Peer 1: 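Can you keep this structure in mind? I'll have questions shortly.
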Amino acid sequence: DVRTFEKWARRGLIARVDFTHLMFVIWSATQAYADFAPQFALFMGKPQLDDRDFAAAHALITEIVLRTLRKEPR
């Protein structure tokens, strides 16, 4: 939740970004797979998404979020 992100940023554990919009990005990226899985599968030329597709999406979304929150060395 946004308050947790704010607390971590104050402690210097993560980079400060607009945490409300970060939550929107996480929600919208993950929700897209729930709402549009048939269209995504069609785009990928397959009858439906499989566990590997969802695992790949999970890994990518996680990596994007973690890179966003990573504090740069000074």
Side-chain angles (χ1 to χ4, degrees):
D1 104 351
V2 171
R3 288 181 298 236
T4 299
F5 284 126
E6 289 287 349
K7 182 170 54 174
W8 292 342
R10 280 193 305 275
R11 292 181 182 169
L13 300 174
I14 61 173
R16 180 167 292 285
V17 299
D18 186 322
F19 298 118
T20 298
H21 287 282
L22 178 63
M23 294 298 291
F24 295 160
V25 167
I26 294 168
W27 170 76
S28 63
T30 56
Q31 189 64 39
Y33 283 87
D35 292 346
F36 300 112
Q39 290 92 328
F40 292 172
L42 181 65
F43 181 76
M44 295 171 72
K46 55 197 314 183
Q48 65 184 36
L49 298 180
D50 57 33
D51 289 343
R52 288 181 309 222
D53 297 315
F54 290 109
H58 178 270
L60 179 61
I61 293 165
T62 300
E63 181 65 21
I64 290 168
V65 171
L66 291 178
R67 283 183 188 222
T68 298
L69 295 175
R70 190 171 296 137
K71 290 197 58 100
E72 296 296 321
R74 294 182 189 220

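Side-chain atoms are counted along with the backbone in the values below, which use heavy atoms only and exclude waters and symmetry mates. Please read these numbers as outputs of a predicted model, since none were measured by experiment.
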Peer 1: Is the W27 to F24 ring centre distance short of 6.0 Å?
Peer 2: no

Peer 1: Is atom CG of D51 surrounded by more than 12 heavy atoms (other residues, nucleotides or ligands) closer than 6.0 Å?
Peer 2: no

Peer 1: Quick check: is I64 connected to I26 through a chain of hydrophobic side chains (ILVMFWY, heavy atoms under 4.5 Å apart)?
Peer 2: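 Hydrophobic grouping puts I26 apart from I64.
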
Peer 1: Examine V25 and I61 and state if one hydrophobic cluster contains both, with Ile, Leu, Val, Met, Phe, Trp and Tyr joined whenever side-chain heavy atoms are less than 4.5 Å apart.
Peer 2: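 Different hydrophobic clusters.
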
Peer 1: If hydrophobic clusters are built from ILVMFWY residues whose side chains come within less than 4.5 Å, do V65 and W8 share one?
Peer 2: yes

Peer 1: Linking I/L/V/M/F/W/Y whenever their side-chain heavy atoms sit closer than 4.5 Å, directly or via other members, would L42 and M44 fall into one cluster?
Peer 2: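 Different hydrophobic clusters.
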
Peer 1: Can you classify the ring geometry of F36 versus F40 as parallel (below 30°), tilted (30 to 60°) or perpendicular (above 60°)?
Peer 2: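 Aromatic pair F36/F40 classed tilted.
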
Peer 1: Looking at every heavy atom in both A41 and Q48, which two are closest together, and how far apart are they?
Peer 2: CB-CA, 3.5 Å

Peer 1: So which atom in T68 and which in A15 form the shortest heavy-atom distance, rounded to 0.1 Å?
Peer 2: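 Reported closest heavy-atom pair: O-CB, 3.9 Å.
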
Peer 1: Using 0.5 Å steps for rounding, measure from the NZ atom of K71 to the CZ atom of R16.
Peer 2: 9.0 Å

Peer 1: Can you check whether D50's main-chain N or O pairs, donor with acceptor, with D53's side chain at less than 3.5 Å?
Peer 2: yes

Peer 1: Do M23 and F5 come within less than 4.5 Å of each other through their side chains, counting heavy atoms only?
Peer 2: yes

Peer 1: Using the rule given for side chain to side chain contact (heavy atoms under 4.5 Å, CB included), can you reason through K7 versus R3, listing the C-alpha separation, both sets of side-chain angles and the distance that settles it, and then say yes or no?
Peer 2: CA-CA 6 Å; K7 182 170 54 174; R3 288 181 298 236; over 6 Å; no

Peer 1: Nearest 0.5 Å, what's the CG-OG1 distance between L13 and T4?
Peer 2: 12.0 Å

